[in-house]
Amino acid sequence: MPSDIQRKLTTILAADAAGYSRVMELNEEEGLRSLKAARAVFKKFISRHHGRVANTAGDGLIAEFPSVVEAVQCAIEVQRELGDLQHDPETALNFRIGIHLGDVMVDGEDLLGEGVNLAARLQSMAEPGGILLSQQVYDQVRSKLSVGFDYIGERRPKNFSEGVQVYCVSNLAQAEPKMHVPEPERPNRAKAHNGPTQPSAKPKASDWPDDEFDEVLNKKRPETVLNTPVDDDLQERLTRRAKQFGLIFAGLCLIDIVSDRGIWAHWPGLILLTVWLLQAAPLWVTERRSLPFVRGAIVVGALVLINLFSWSGFFWVIWPAGALLFVHLMRGRRKRT
């Protein structure tokens with residue numbers, strides 16, 4: 001590495017306007033006015049939370065903060081104020097924000113490197129008006145902000161070799177103006193039993209001791225998978241893989257026909273189909289169907305076909321299928337308790 005390149009650990013906030021091209025096509029003047037108003041909001045809160053704008057390009061920006069908590073708090077306040085500014089849904093600009101804590105390279109005032117790229121990828125996966133956090137950011141803020149956090153799951157951003165654990169900030173509209181709690185006190189459990197309990201729709205991170213809050217999160221993780229976008233190139237990879245597997249299977253069928261040694265191509269064909277379905281499983285995940293359940297159903301389907309292809313008068317697939325169903329029911333029971 002060249003000796004003149006400087007590196008540092010910092011919190012990167014990446015933001016981008018969703019639907020900016022559509023707004024500019026409808027009304028350029030109003031779109032530009034909305035963009036300028038949004039930039040003013042970003043500039044105000046970034047400065048208030050001791051950050052600085054490092055890069056700007058079109059309708060997006062990259063900012064850095066010395067504090068992870070300040071970066072997330074800034075994003076929450078920006079999204080709240082931008083929501084209050086929206087009057088005309090046709091020309092409204094809804095920003096997506098991604099935040100990551102990582103190592104970056106410094107080039108003058110610009111920030112470069114994988115840390116910046118990951119923050120930008122998180123931003124591209126966020127819903128309009130939403131905020132996505134990496135695991136590194138979540139670990140620093142989970143007990144310091146009075147908002148909720150939902151575990152999205154593991155995502156593999158485009159052009160990244162490894163997946164990342166992703167969280168989103170929830171209840172932005174109900175967030176209190178002052179979000180930062182420097183040192184949350186642990187509630188007195190004796191008083192909690194004696195005093196009246198207040199009903200709450202959703203406990204906040206700052207209301208829980210660290211150990212109890214971790215326990216609640218671990219019960220949610222990995223079973224509660226929300227309806228969030230699958231990594232942006234999954235469908236492209238599945239289409240490419242389907243073409244590859246289709247060509248392989250066609251070649252095997254041709255060899256099967258030419259060799260005249262009985263029908264056997266359905267066995268490798270079944271393997272190729274099962275592999276492809278397992279890779280495509282995230283597409284069918286919903287709030288009612290977790291990823292383990294979908295993959296388990298695919299495995300059971302493959303076993304049923306194996307049982308039929310090798311039929312000898314006994315439907316043996318009921319035993320492994322029953323075992324998988326039992327495991328799924330037990331996991332669901334533990335989740336409810």
Side-chain angles (χ1 to χ4, degrees), residues 125 150-158 160-168 217-337:
M125 292 189 290
D150 290 324
Y151 177 66
I152 302 301
E154 182 175 303
R155 296 289 184 264
R156 179 173 293 179
K158 190 174 182 179
F160 277 73
S161 59
E162 297 181 355
V164 295
Q165 309 297 325
V166 181
Y167 298 79
C168 73
L217 285 174
N218 289 332
K219 285 183 178 179
K220 285 179 64 178
R221 285 179 67 170
E223 289 292 328
T224 304
V225 181
L226 305 180
N227 288 327
T228 54
V230 186
D231 56 84
D232 47 10
D233 63 340
L234 176 58
Q235 294 188 2
E236 179 183 346
R237 287 189 285 113
L238 288 173
T239 302
R240 186 168 60 249
R241 189 61 55 83
K243 293 178 180 178
Q244 295 172 349
F245 285 179
L247 290 174
I248 293 173
F249 182 64
L252 292 172
C253 289
L254 182 61
I255 296 173
D256 193 356
I257 295 173
V258 173
S259 62
D260 194 22
R261 294 186 178 182
I263 300 176
W264 51 262
H266 56 290
W267 292 110
L270 177 59
I271 295 174
L272 294 174
L273 176 63
T274 303
V275 171
W276 187 87
L277 290 174
L278 289 174
Q279 292 177 347
L283 295 175
W284 302 304
V285 171
T286 66
E287 292 184 2
R288 294 179 178 272
R289 297 193 300 267
S290 65
L291 185 59
F293 174 81
V294 174
R295 286 178 171 166
I298 294 171
V299 171
V300 169
L303 291 174
V304 170
L305 290 177
I306 293 173
N307 195 170
L308 295 176
F309 289 166
S310 60
W311 183 255
S312 59
F314 177 58
F315 199 60
W316 52 262
V317 75
I318 59 174
W319 298 111
L324 289 172
L325 177 61
F326 176 77
V327 171
H328 174 71
L329 293 176
M330 293 301 296
R331 293 180 68 176
R333 183 179 179 182
R334 285 202 304 270
K335 179 184 174 184
R336 289 192 295 271
T337 57

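Small disclaimer: the values here were computed from a predicted structure and weren't measured.
Heavy atoms only, all atoms of each residue included: R295 and L278 are closest at NE-O, 3.6 Å.
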Show the atom names and distances, to 0.1 Å, of all donor-acceptor pairs under 3.5 Å that link a side chain in residues 298-308 to residues at least two apart or in another chain.
| unit_1 | atom_1 | unit_2 | atom_2 | d |
| --- | --- | --- | --- | --- |
| N307 | OD1 | W316 | N | 3.1 |
| N307 | OD1 | V317 | N | 3.1 |
| N307 | ND2 | F314 | O | 3.3 |

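The distance from atom CG of L325 to atom CZ of F293, rounded to the nearest 0.5 Å, is 8.5 Å. Atoms CD and CZ, from Q279 and R241 in turn, are 4.5 Å apart once rounded to the nearest 0.5 Å.
No more than 12 heavy atoms of other residues, nucleotides or ligands lie within 6.0 Å of CH2 in W319, so this atom counts as exposed by the packing criterion.
With sequence neighbours excluded, the residues satisfying side-chain contact (heavy atoms from CB on, under 4.5 Å) with I248 are F245, L252, L272.
For residues 264-273, the pairs satisfying side chain to side chain donor-acceptor pair (under 3.5 Å) are D256-W264, with sequence neighbours left out.
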